[in-house]
Protein chains: 2
Amino acid sequence: MSQTSIPSRTKQTSGVVAAGERARTSEKKSSVSVTVRPVRKAYEQVSDQLRELIMVGELEPGARLPNEAMLATEFGVSRATIREALRALTAQNLIRTVKGGGGGSYVTVPSVDHISEFVHANLNLLSDTRNVSLEELLEARELLEVPAARLAAERQHNGGCAALNAAIPEEPERLGTADQFVYNTDFHTAVVKLCGNALLGIAVQPIFSVLQTNLARSSLGRSFHLAINRHHRAIAEAIAAGDGDGAEREMRDHLAYLRPYYESAWRSAERVVARA
Amino acid sequence: MSQTSIPSRTKQTSGVVAAGERARTSEKKSSVSVTVRPVRKAYEQVSDQLRELIMVGELEPGARLPNEAMLATEFGVSRATIREALRALTAQNLIRTVKGGGGGSYVTVPSVDHISEFVHANLNLLSDTRNVSLEELLEARELLEVPAARLAAERQHNGGCAALNAAIPEEPERLGTADQFVYNTDFHTAVVKLCGNALLGIAVQPIFSVLQTNLARSSLGRSFHLAINRHHRAIAEAIAAGDGDGAEREMRDHLAYLRPYYESAWRSAERVVARA
DNA sequence: CACACAATGAATGTCTGACATATAACGCTG
DNA sequence: CAGCGTTATATGTCAGACATTCATTGTGTG
């Protein structure tokens with residue numbers, strides 16, 4: 001694969017601005033409110049510039065950027081600095097680096113899953129810190145999943161429902177709690193997938209995960225799981241029948257049924273937080 | 001502030017597993033399907049372990065983790081490796097590092113805005129790559145903003161509407177296109193904020209931004225902007241009147257009106273992509 | 001006594017150069 | 001032509017040094 005040379009406008013200005021130069025430059029227009037951080041760290045400048053190139057499309061997905069040594073000389077910094085910048089980009093899933101000959105850093109094609117994963121992680125933290133309320137989570141979920149169920153019903157290309165049924169256990173009585181949760185997750189994931197809108201998946205998946213994580217900490221009776229299974233079956237049937245109204249209603253009822261359980265699990269989690 | 005010592009279970013096993021050791025360990029159970037990447041890079045192992053500590057809550061927000069030198073000895077790797085791991089965590093907004101005395105790496109309290117920003121960036125890429133369709137964007141937006149308008153109307157604590165009115169220009173005729181876009185963005189942001197669910201903001205904001213970015217590339221007549229303003233005013237009035245049904249209807253109509261414009265802008269963007 | 005200012009120390013930021021390791025591509029040999 | 005070692009080219013990791021920043025502490029002066 002050919003080496004993509006980094007498109008540096010003037011070869012002179014493309015480098016990193018050292019602290020000294022930067023200070024001299026910014027003191028020219030010294031109005032009262034200067035930005036708080038006049039010095040940008042070198043690795044930040046590098047990652048910023050590379051990120052910009054990627055976002056603007058100057059570096060297309062799949063493109064390979066120059067090796068670290070070249071980048072170092074181009075930007076006028078050391079290889080260590082370049083590497084720190086690359087790690088940042090990697091963490092944002094903008095590039096992927098492979099070792100060995102013909103290796104290097106390649107611009108990644110972004111994936112829905114990665115976004116979802118990131119949102120999930122951060123939502124988890126947000127909910128741990130109580131910066132987001134249970135009420136918001138439940139409300140958002142309802143706002144998303146209820147229409148999703150409707151859309152799934154209205155658009156079901158027959159055959160897609162197989163995934164739905166696969167996510168409903170034949171003999172729920174014989175499953176442990178952990179397995180039940182797996183099935184539940186699969187089911188809701190399947191519904192959202194079936195609705196055909198990837199963006200909804202990005203939003204629903206993390207919200208569901210966070211709720212589920214909290215719920216998993218509380219102990220739930222067998223009857224609970226059986227009820228869930230009944231609901232899921234009803235929803236699946238409505239979707240399979242192409243009955244949008246029915247799917248919407250069943251899903252709404254299902255979520256309403258779940259609400260008190262989430263609330264109690266959430267409260268006990270609160271005690272744990274308070275204790276610490 | 002006191003130095004948080006890293007909770008290492010046994011002091012011996014907390015380190016990084018070198019390639020050699022790892023290989024020896026994993027060849028014990030050499031079934032046919034080994035995972036594709038048996039060697040985890042050192043900086044990944046470090047960032048993984050630290051991330052885990054943060055996510056589980058072992059390191060609470062605001063906590064300060066050991067300095068880089070200590071981390072290096074604790075993990076049994078060089079400082080450079082530690083730093084690369086820290087950059088990854090920084091990029092994910094899990095920590096923040098400050099220079100100088102009393103500096104170090106602090107666990108960040110996550111913010112809604114940062115999540116939104118990340119989603120926006122990635123959504124932009126997704127749409128550039130045509131991995132997400134305009135139809136999905138518009139549909140998701142309708143699914144989110146229409147209920148948001150209703151909720152805003154039903155929950156308006158009087159006084160919150162000030163932000164709404166502030167986002168509607170008095171004399172739209174005198175504004176340039178760029179300014180108009182600023183107002184539009186502010187208006188929709190205000191509606192979502194007013195609905196009181198931060199999660200919706202996380203989802204709506206990026207979607208709106210992506211759509212807007214595409215729209216900004218096409219040229220729009222004065223009459224378009226005036227119509228938008230009329231719609232906004234109608235929505236704001238319904239919300240201020242606490243009329244949930246009205247707000248929902250106005251918002252739906254508004255989005256329906258916009259649709260063809262987005263579609264035409266999207267098509268012309270496609271030509272640009274195809275040309276490249 | 002209070003306040004401005006210089007010295008100190010602790011931390012991150014950056015550079016240099018070296019060596020280790022993985023992998024694709026080349027070329028040799030049978 | 002197939003198989004296999006070799007090599008070139010990357011990234012991965014280490015060690016140590018020096019630069020820079022910033023809170024704290026100490027000092028001197030009004």
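Lettering of chains follows the sequences in order, A, B, ..., and the numbering in each one begins at 1.
Contact annotation: Tyr43(A) side-chain N/O to dG13(C) OP1/OP2 distance is under 4.0 Å. For the OP1/OP2 pair of dA11(C) and a distance below 4.0 Å, the side-chain nitrogens and oxygens of Ser105(B) include no atom meeting the criterion.
A donor-acceptor contact shorter than 3.5 Å is absent between the side chain of Gln92(B) and the backbone of Leu89(B). Between the side chain of Asn197(B) and the backbone N or O of Glu136(A) there is at least one donor-acceptor pair closer than 3.5 Å. At least one donor-acceptor pair closer than 3.5 Å links the side chain of Asn214(B) to the backbone N or O of Val210(B).
Of the candidates Gln212(B), Arg141(B), Gln205(B), Lys193(B), Arg141(B) is the only one forming a side-chain contact (heavy atoms from CB on, under 4.5 Å) with His188(B).
Along DNA chain C, the nucleotide closest to Arg87(B) and the one closest to Gly102(A) are compared, and the more 5′ of them pairs with Arg87(B).
Going from atom NZ of Lys41(B) over to atom P of dA22(C) covers 12 Å, rounded to whole Å. The separation between Leu89(B) atom CG and dT12(C) atom P is 14 Å, rounded to whole Å. In this entry the distance linking CG of Asn67(B) with C1' of dA23(D) reads 16 Å, nearest Å. Atom-to-atom, CG of Leu86(A) to P of dA10(D) comes out at 14 Å; the value is rounded to the nearest Å. When rounded to the nearest whole Å, the span between CZ of Arg83(B) and C1' of dA11(C) equals 11 Å. The separation between Glu84(B) atom CD and dT12(C) atom P is 16 Å, rounded to whole Å. One interatomic measurement links the two molecules: CG of Leu65(B) to C1' of dT12(C), which rounds to 13 Å at whole-angstrom precision. Here dT16(C) presents its C1' atom at 15 Å from CD of Glu68(A), a figure rounded to the nearest Å.
When distances run from any side-chain atom of Ser78(B) to the nucleotides dG13(C), dT13(D), dT21(C), the shortest one goes to dT13(D). Closest approach to the Val77(B) side chain among dG13(C), dA11(C), dC14(D) is made by dC14(D) (side chain taken as heavy atoms from C-beta onward). You'll find that the side chain of Thr81(A) is closest to dC15(C), out of dC15(C), dG12(D), dG13(C). Listed nucleotides dT11(D), dT13(D), dT20(D) differ in distance to Lys99(B); the shortest reach to its side chain belongs to dT20(D). Side-chain proximity of Arg64(B) to dT12(C), dC14(D), dA11(C): nearest is dA11(C).
One N or O donor and one acceptor, one from the side chain of Arg79(B) and one from the base of dG13(C), sit under 3.5 Å apart.
For Ser47(A) and Glu44(A), the side-chain atoms include no donor-acceptor pair closer than 3.5 Å.
Gly101(B) comes within contact range of at least one nucleobase, with a heavy-atom separation under 4.0 Å.
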